[in-house]
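Everything below concerns the one structure shown next.
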2 protein chains.
Amino acid sequence: MRAVVLHSHGGPEVLTIEEVADPVPGPDEVVVRIAATALNRADLLQRMGLYADPRGLAQEIPGLEFAGTVESVGERSRMWRVGDRVMGIEAGGAYAQRIATHERQLLAVPADIELVDAAAIPEVFLTAWDALVLQGGLTSGRWALVHAGASGVGTAAIQIAKAIGARVAVTVSAGKAALCRELGADLVLQRSPHDWLADATAAVGAGFDTVLDVIGGEEVDRNLQAVAPKGTIVQVGLMGGGRTQVNVGLLLTKRAHWVGTTLRTRPIEEKAAVTRKFAAEMLPLFGTGALRPVIDCRFPFEQIGEAHRLMESNANAGKIVIEMP
Amino acid sequence: MRAVVLHSHGGPEVLTIEEVADPVPGPDEVVVRIAATALNRADLLQRMGLYADPRGLAQEIPGLEFAGTVESVGERSRMWRVGDRVMGIEAGGAYAQRIATHERQLLAVPADIELVDAAAIPEVFLTAWDALVLQGGLTSGRWALVHAGASGVGTAAIQIAKAIGARVAVTVSAGKAALCRELGADLVLQRSPHDWLADATAAVGAGFDTVLDVIGGEEVDRNLQAVAPKGTIVQVGLMGGGRTQVNVGLLLTKRAHWVGTTLRTRPIEEKAAVTRKFAAEMLPLFGTGALRPVIDCRFPFEQIGEAHRLMESNANAGKIVIEMP
């Protein structure tokens, strides 16, 4: 099969496509013929040598999510049949025509969603839902604050918050407010250096029950000011930097929680558990129309370097999908 | 009755004893004739005007804990009888001969414990147990790290950790190691500027499941290094300062939790809930000898200023108890 194999780390030019051996399913695994994968910020870091695949495989194929059809199943696997439309996340290996994954990490692609578009679902919807609801305790009636509202995770987070009856404010960079409003955001704030905190506090005086932050850096201290008493800040990324000055006193007096989270490094049993819970609680909402993948654009596999350049420019709103040959 | 009333904030000299009106029990309240109160770090802050009683009463009487006998009960109160030996915490008002408190915030004084010694129990044992177990998730088999092991909260934390089958490391300032070892600490580390982190890592390579920190300041970043993957740092105080530089990346990659907590500002229903749970899960362990109050010294009420000076000098190990006339 064809796959991107990293032989060195650096710019988009290191993403070279070559012929590699097809994966063979383990006893509980399924091999998926990938129709499409999608980009994540973590892919850029991995390409630059800053975020290795935690499995440390001999051959480094990036790519965290995929959608496709079941091509073969392992001897103990009973959940899926050949030809089933599936999607999922993995710790790597999705920049390829085929991937082997544990059967309990797969999700059925909702009936009304095109297979290629489904590649835009798993990583951002699982991440946003796990962060907002499972880690962050968001429920109906409560207020969420989501940074980078027009990002993949941001667009998923807005929809999830609205779907469960919560209220949601987002911060966005210039030009991306309309998409967030269209997805249902109750409050759209311009991101730093604009003083979003003053605007947020004016609108939601009691503070935010759950803060979902992919930025870090200068937003960290503002998050501690924005979070409500007994609220939770969920740190999903650090695009703006990780070493920063904070006022720990706010954490104390507010009795707030600050939680770091990542899906990629979790052991198989945790990944399977969160995937099955997502299948029960979120997947049906794609059928009702409450949730939908938000796609900025599609690239053919051969132009994956161009796709990386687009994400690096921050010009996309929603997901960048890669169609496999 | 006689009580310390703060008319101004400052040094120990502002702690003047005067005659004030006796409290009258509300319908669900109990009036306790106080046999003894005990000092807490928060009292020093309050005296200096840095930590006000959250109830904002007209008359400012400090004092967060007490032990004594029930003197009268409100019309709806059914839990206690006049003469019962009780102890408890309040948001203030314990530097006095009497206090009115909600009946569900009171604990029975264990049979074998002298009433005056019981005043050393409520604040530190409730704080340490709530922080380690309820907020920090400590269980049997797991490792706790407790800063200031010879402090009131520290000595309670060591005993609680051992009583539930956990393992516990403490940091201490010079000269206080023996008390911690005697209480059962598995590992006693000299506090910063000594590099306790290197010693801790050498002994407990996988990191600490629960970190209980009353210090903050320069320990904050070391806590993030010391905590185990999926572990919890519980921030109970900030004696070393609150504004500090942290490496948020460690929170993220370890999927760690950092929780701020305080008992004093909690609403009545939360205080009652944690008190009743403590009564069920911890109080019996004073009867078995697994837990005991650790008392540095007793002062008569008239010398409460001297008692504050002792705590400010950091010379005490365990609690400073004040006997009421």
Side-chain angles (χ1 to χ4, degrees), chain A residues 41-42 45 50-52 54 127 130-131 134-137 213-221 223-225 227-267 270-271 274, chain B residues 41-42 45 50-52 54 127 130-131 134-137 213-221 223-225 227-267 270-271 274:
Chain A
R41 288 271 159 192
L45 294 174
L50 302 173
Y51 191 46
T127 296
D130 177 77
L134 301 191
Q135 312 281 327
D213 182 22
V214 295
I215 309 282
E218 62 181 6
E219 304 299 12
V220 162
D221 210 49
N223 291 342
L224 285 166
Q225 293 177 67
V227 73
K230 295 189 73 179
T232 300
I233 301 164
V234 188
Q235 200 74 48
V236 178
L238 289 169
M239 280 169 54
R243 187 156 270 284
T244 185
Q245 189 84 6
V246 298
N247 180 356
V248 187
L250 285 173
L251 196 76
L252 198 65
T253 54
K254 291 185 174 185
R255 304 170 54 201
H257 287 222
W258 190 6
V259 178
T261 186
T262 158
L263 290 175
R264 194 185 196 187
T265 56
R266 297 187 193 178
E270 287 188 50
K271 284 182 175 172
V274 74
Chain B
R41 288 271 160 193
L45 295 174
L50 301 173
Y51 191 45
T127 296
D130 177 77
L134 301 191
Q135 311 282 328
D213 182 22
V214 295
I215 310 281
E218 61 181 10
E219 304 300 11
V220 162
D221 210 49
N223 291 342
L224 285 165
Q225 292 177 69
V227 72
K230 294 189 77 181
T232 299
I233 301 164
V234 188
Q235 199 74 49
V236 178
L238 289 168
M239 280 168 55
R243 185 156 272 284
T244 184
Q245 189 84 6
V246 298
N247 181 356
V248 188
L250 286 172
L251 195 77
L252 197 65
T253 55
K254 291 184 173 184
R255 302 170 57 201
H257 286 222
W258 190 6
V259 177
T261 187
T262 159
L263 289 176
R264 194 185 195 189
T265 57
R266 298 188 192 178
E270 287 189 50
K271 284 183 175 171
V274 74

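Note that the coordinates shown come from a computational prediction; the quantities given were computed from them, not determined experimentally.
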Q) When rounded to the nearest 0.5 angstrom, what is the spacing between CZ in B:Arg243 and CD in A:Gln245? A) 5.5 Å

**Q.** Minimal non-hydrogen separation, B:Leu252 against A:Thr261, with atom names
**A.** CD1-O, 3.4 Å

Q: Against chain A, label B:Arg266 side chain, backbone, both or neither, depending on which of its atoms sit under 4.5 Å from a heavy atom there.
A: both

Q. How long is the span from the CG atom in B:Leu251 to the OG1 atom in A:Thr262, to the nearest 0.5 Å?
A. 12.0 Å

Q. Of the backbone (N, CA, C, O) and the side chain (C-beta and beyond), which part of B:Thr265 lies under 4.5 Å from a heavy atom of chain A, both, or neither?
A. side chain

Q: Below 4.5 Å from any heavy atom of chain A, which atoms of B:Val246 appear? Answer side chain, backbone, both or neither.
A: both

Q. What are the two closest non-hydrogen atoms of B:Thr244 and A:Val248, and how far apart are they?
A. CG2-CG2, 3.8 Å

Q. Which one of A:His257, A:Lys254, A:Arg264, A:Gln135 has the most heavy-atom pairs closer than 4.5 Å to chain B?
A. A:His257

**Q.** Contacting region of B:Lys230 [heavy-atom separation from chain A under 4.5 Å]
**A.** side chain

Q) Are any of the side-chain heavy atoms of A:Glu270 and B:Arg255 separated by less than 4.5 Å? A) yes

**Q.** Which portion of B:Val234 sits near chain A, non-hydrogen atoms under 4.5 angstrom
**A.** neither

